[in-house]
Peer 1: 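I have a structure I would like to understand better, so I am pasting it below and will then ask my questions one at a time.
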Amino acid sequence: MVGVYLLDTPSKVASIAAELDRCRRYSLEQHWVALGAGTVPLDLEPLTRQHVLQPRSKFELLNLLLEAIDIQSYDFIVAIDDDIDLPARFLDDFIDLQRRYDLALAQPARTHDSYIDHHFTAQLTGIDARRTRFVEIGPLTSFRSDAAALLMPFDTCAPMGWGLDFVWPLQLERTGLQLGIVDATPVRHALRKPASHYDLNAMQAAMADYLSSTPHLQRAEAFVAFQTFDGVQSATAQVIDSRSMSQVPELSVLYCSYNRAGLLRLALDALCRQTLERKRFEVILVDDGSSDDTREVAKNFSGCLPLRYARQRQSGIASARNHALCLARSPIVCFLDDDDVADPGLLETHLRFHECHSAPECVVLGRTELRIDVAGAPLMHFVTQVRHNLFSYPLIEHGSTLGFDYFWGGRISCKRLFLLANGVFNPLFRFGAEDIELGYRLTKAGLRVIYNAQAVSCMVRYLTFEEYCRRSYLQGLANWWCGQLHTDPQFHRWCQIDQIELEWNDLEPRYDTILKIAVDLHRYAQARINAGLALDDLTLQLLHRGYDAAFEAARIKGSHDGSLGATPASTHEVGPERFMAHQTATA
C-alpha cells in the first residue's frame with residue numbers, strides 16, 4: 001500500500017492505517033509519504049517512508065515510494081488518499097472480490113453521501129462488482145501485479161494524475177486485462193471537497209492538454225459497465241466488451257422489474273412492434289431480485305430484441321435504475337415502467353425530440369394513458385382524473401416546460417452523460433420520490449422537463465385500494481426523508497412535512513375510522529359495478545371523499561413514521577397492515 005497524507009490539514013490517515021492493519025488474509029506493507037510542515041505523528045512514524053516539506057504532485061510522491069520497492073514482488077499495489085472512511089474488514093473483502101472477478105485494476109465504489117467526481121462510480125447497492133472501462137485515479141486504486149508492471153511508474157505528465165483514468169483502459173485492453181469497480185465495499189469520501197488545495201480550472205486545462213496528445217477514451221466510451229456480478233453468478237446474460245462500443249445504438253430503453261413477469265411480457269412485446277429500427281436501440285432489463293420467471297421472460301425476448309438482462313439482490317427501484325444506467329451504452333436513455341405498454345411510435349418520438357433539443361439539460365416527459373378497462377375502475381379514475389395523485393396530465397399542455405416535480409421516472413428520457421455528470425438516483429429511496437428527489441438535484445444543473453404528449457404509453461395494471469394506500473404510505477415516508485436531505489423551502493412545500501407532527505396528532509384518533517369508511521365505500525361501489533349498476537352522483541361524491549381522506553391519512557402516517565426513524569429500506573416489503581388497521585378483501 002502506498003499513500004500520501006497531509007500534515008497541515010485534517011485527515012483520516014490514522015483511522016485508515018489502523019483499518020488496513022486489520023487485514024488478515026493478506027500480508028500487508030504500508031508505505032506513506034508525509035507532505036507539508038509539521039511533525040509526523042508517533043503512531044505513523046513506522047509507516048512513513050518520506051517526509052516532504054515542499055508541495056509536490058500526488059503521483060510524483062507515489063513514484064518516489066515506488067522507487068524504493070520491488071513492484072513485482074507484490075501481488076497488489078494499492079494507492080490510497082488520506083481523506084476517506086473505510087468499512088470494516090475492507091482490504092480482505094475488497095481484494096477477495098477483485099481476485100474473484102479477475103480485475104487487474106479496481107477501485108471501491110463511492111458511497112452516495114461522498115463527494116463524487118464521476119457519478120458512474122457511485123455504489124450500486126444490489127451487486128458485488130462490475131466490469132467497466134473506467135477506474136478513478138483515487139481516492140483508492142488497486143493495481144494487480146500485471147497492471148502495476150504496465151502502468152507504473154506513473155506518467156507524471158498528467159497533473160495530479162488527472163486524465164490517467166481515461167488512458168489506463170486502452171493500455172490494459174491492449175493486453176487483454178480487465179478493470180472494474182467493487183460495489184460491495186464502498187468508501188466514503190466526504191472530509192475534503194475536491195480541488196480544495198489546488199486551482200481546479202488550471203488542473204482541468206492541464207488535463208485537456210495532456211489528453212490532447214495521449215490516446216484516451218471519451219467519457220461516453222469510458223462510463224459503461226460491460227458486466228455486473230450479483231454475488232452468485234454473472235448478472236448479465238449477454239456480456240459485451242470494448243468492441244461493442246464501435247456500434248453504439250442511439251437509444252437505451254431501461255426497465256427495472258420485481259416479480260411482474262406477466263406484465264413485463266406485455267411491455268417487451270410492445271417494443272417488438274416499434275417503428276424505430278431495432279438496430280437503433282437497445283433494451284436493458286434489471287431484475288431487482290425477483291422470485292418469479294422474470295429471467296425466463298428476458299430469455300424469451302432476447303431473440304427478437306437487442307436485450308441485455310442483469311440481476312441484482314433486491315435493493316429497490318433507485319438502485320435498479322442506476323444499475324441499468326451503468327449498463328446502457330447509448331447517448332439517450334429512456335426509463336419505462338414494467339406495467340406500461342409502449343405505443344408503436346414511442347421510442348421514435350423520444351429520439352426525435354432529443355435530435356431537436358440537443359441541450360444536455362433537456363428531458364422529455366411522455367404521456368401515460370390507462371387501458372380502457374383500467375381507466376373505468378373508480379379508483380384509477382380518481383387518482384388520475386380527479387385528485388391527480390398518480391398522474392396529473394390534465395393540468396399540463398403539450399410542449400410545456402415543467403419543474404423538477406414532473407421528473408417522473410417511468411416515462412422520461414434524458415441524455416445519459418447529463419445524469420452521470422450531475423447526479424444519479426439515491427438508493428435510500430426503494431420506492432417513492434426517488435425520481436423527484438433526483439429531479440430536484442438536477443435543477444442545479446439547469447434541468448428542463450419538456451412534456452411531449454405524443455410519446456404515449458399505456459398502463460395496463462389496476463391498483464387495488466390496499467395497494468394505493470400502501471403506495472401513499474411509502475410516498476409519505478419517502479417525502480420525510482427527502483425533507484431531511486434538502487432544506488430548500490420550495491422543496492419542503494412539495495414534501496408536505498413541515499407540520500407533520502401536528503397533522504398526525506390531529507389525525508391519529510380518527511385514523512382507523514377514516515380507513516374503515518373508505519374501505520366500506522370502496523366495497524359498496526365495487527359491488528354495484530359488479531352487479532352492472534351505475535354509480536349515482538352522491539355515491540361518487542362520497543367515494544371520492546373517502547378515497548381522498550384515506551390516501552391522505554396513509555401519506556401522513558408514512559411521514560410521521562419517518563420522523564420516528566422508519567426508513568424506506570426498512571419498510572420496502574411492508575404489507576397493508578402497516579398502515580391499515582382493517583384487513584379487507586377488496587378488488
Side-chain angles (χ1 to χ4, degrees), residues 10 83-85 110-119 121-123 125 186-196 200 316-319 321-322 361 363 389 392 401-409 412 414 418-449 471-507 552 554-572:
D83 58 348
I84 58 176
D85 294 297
R110 297 201 197 190
T111 61
H112 284 257
D113 60 348
S114 296
Y115 295 120
I116 299 181
D117 303 297
H118 307 290
H119 288 277
T121 67
Q123 183 192 20
T125 54
V187 300
R188 185 170 185 263
H189 188 218
L191 180 64
R192 297 195 296 262
K193 290 185 178 181
S196 58
L200 176 61
I317 191 168
S319 178
R321 282 180 172 157
N322 289 341
E361 67 274 10
V363 166
N389 305 89
S392 54
T401 299
L402 308 166
F404 68 85
D405 48 340
Y406 282 89
F407 190 82
W408 296 346
I412 204 162
C414 319
F418 176 70
L419 296 183
L420 293 177
N422 298 290
V424 293
F425 297 96
N426 187 330
L428 168 68
F429 300 101
R430 297 175 67 108
F431 174 85
E434 80 290 336
D435 44 6
I436 306 301
E437 192 273 338
L438 173 56
Y440 172 73
R441 284 186 280 121
L442 292 175
T443 58
K444 299 174 184 177
L447 174 72
R448 295 175 61 211
V449 179
R471 181 187 183 93
S472 300
Y473 172 86
L474 293 176
Q475 184 67 53
L477 181 64
N479 287 4
W480 169 262
W481 285 102
C482 279
Q484 307 318 296
L485 293 176
H486 308 290
T487 58
D488 176 27
Q490 178 191 8
F491 191 64
H492 266 231
R493 282 193 292 273
W494 179 86
C495 295
Q496 298 178 277
I497 60 171
D498 287 341
Q499 302 295 321
I500 201 65
E501 186 173 357
L502 292 176
E503 290 180 300
W504 175 248
N505 289 340
D506 178 63
L507 172 68
E552 180 71 354
R555 179 193 66 79
I556 292 171
K557 179 169 174 53
S559 291
H560 181 259
D561 283 1
S563 73
L564 298 179
T567 67
S570 67
T571 58
H572 181 57

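Worth saying up front: this structure is predicted, and the values here are computed from it rather than measured. FYI, the numbering just counts along the sequence from 1.
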Peer 1: Of all heavy-atom pairs between Glu434 and Ala318, which one has the smallest distance, and what is that distance?
Peer 2: CB-CB, 4.0 Å
Peer 1: For the pair Arg555 (side chain) and Gln475 (backbone), establish whether a donor and an acceptor sit closer than 3.5 Å, ignoring hydrogens and angles.
Peer 2: no
Peer 1: Can you say whether the rings of Trp504 and His560 are parallel (under 30°), tilted (30 to 60°) or perpendicular (over 60°)?
Peer 2: parallel
Peer 1: Kindly indicate whether the side chain of Leu420, heavy atoms from C-beta on, has any atom under 4.5 Å from the side chain of His118.
Peer 2: no
Peer 1: Any idea which heavy atoms bring Ala433 and Cys482 closest together, and the distance?
Peer 2: CB-SG, 3.7 Å
Peer 1: Given side chains that start at C-beta, do those of Asn422 and His119 come closer than 4.5 Å, heavy atoms only?
Peer 2: no
Peer 1: Do Asp117 and Arg110 touch side chain to side chain, with heavy atoms closer than 4.5 Å?
Peer 2: yes
Peer 1: To the nearest 0.5 Å, what is the distance between SG (Cys414) and CG (Leu447)?
Peer 2: 8.0 Å
Peer 1: Without swapping roles, check the side chain of Asn322 against the backbone of Phe425 for a donor-acceptor pair under 3.5 Å.
Peer 2: yes
Peer 1: Of all the heavy-atom pairs spanning Ile116 and Ala122, show the shortest one and how long it is.
Peer 2: CD1-CB, 3.9 Å
Peer 1: Can you find a pair of side-chain heavy atoms, one from Leu191 and one from Asp85, that are under 4.5 Å apart?
Peer 2: no
Peer 1: Any side-chain heavy-atom pair from Tyr406 and Ile436 closer than 4.5 angstrom?
Peer 2: no
Peer 1: Run the side-chain contact (heavy atoms from CB on, under 4.5 Å) test on Tyr473 and Asp561 for me, step by step, so that the C-alpha distance in whole Å, both residues' side-chain angles and the decisive distance to 0.1 Å come before the verdict.
Peer 2: CA-CA 9 Å; Tyr473 172 86; Asp561 283 1; 2.7 Å; yes
Peer 1: Does CD in Gln484 sit with more than 12 non-hydrogen atoms of other residues, nucleotides or ligands closer than 6.0 Å?
Peer 2: yes
Peer 1: Show the nearest heavy-atom pair for residues Asp83 and His189, with the distance to one decimal.
Peer 2: OD2-NE2, 3.0 Å
Peer 1: If you round to the nearest 0.5 Å, how far is CZ of Arg430 from OG1 of Thr125?
Peer 2: 7.5 Å
Peer 1: Kindly compute the distance separating CZ (Arg188) from OG1 (Thr111), expressed to the nearest 0.5 Å.
Peer 2: 6.0 Å
Peer 1: As a quick check of understanding, evaluate side-chain contact (heavy atoms from CB on, under 4.5 Å) for Asn479 and Trp494, giving each step before the final call.
Peer 2: CA-CA 8 Å; Asn479 287 4; Trp494 179 86; 3.5 Å; yes
Peer 1: How about Pro568 and Leu428: do any of their side-chain heavy atoms sit closer than 4.5 Å?
Peer 2: yes
Peer 1: In Å and rounded to the nearest 0.5 Å, what is the CZ to CG distance from Phe407 to Leu438?
Peer 2: 4.5 Å
Peer 1: Quick check: closest heavy atoms across Ile497 and Ser559, and the distance to 0.1 Å?
Peer 2: CG2-OG, 3.8 Å
Peer 1: If I compare all heavy atoms of Ile317 with all of Phe429, which pair ends up nearest, and what's the gap?
Peer 2: CG2-O, 4.2 Å
Peer 1: List the steps, then state whether side-chain contact (heavy atoms from CB on, under 4.5 Å) holds for Tyr115 with Arg192.
Peer 2: CA-CA 8 Å; Tyr115 295 120; Arg192 297 195 296 262; 5.7 Å; no
Peer 1: Taking Asn505 for the side chain and Glu501 for the main chain, is one N or O donor matched with an acceptor at less than 3.5 Å?
Peer 2: yes
Peer 1: Going by atom types only, do Glu437 and His486 share a side-chain donor-acceptor pair under 3.5 Å?
Peer 2: yes
Peer 1: Can you check whether Val424's main-chain N or O pairs, donor with acceptor, with Arg441's side chain at less than 3.5 Å?
Peer 2: yes
Peer 1: Is Phe491 close to Thr443 at the side-chain level, that is, under 4.5 Å between some pair of heavy atoms?
Peer 2: no
Peer 1: Side chains of Phe418 and Leu442: does their closest heavy-atom pair fall under 4.5 Å?
Peer 2: yes
Peer 1: What's the verdict on side-chain hydrogen bond (donor to acceptor under 3.5 Å, both in side chains) for His112 and Asn426, showing C-alpha distance, side-chain angles and the deciding distance?
Peer 2: CA-CA 7 Å; His112 284 257; Asn426 187 330; 5.1 Å; no
Peer 1: Check whether any side-chain N or O of Trp481 sits under 3.5 Å from a backbone N or O of Ala566 as a donor-acceptor pair, and report yes or no.
Peer 2: yes
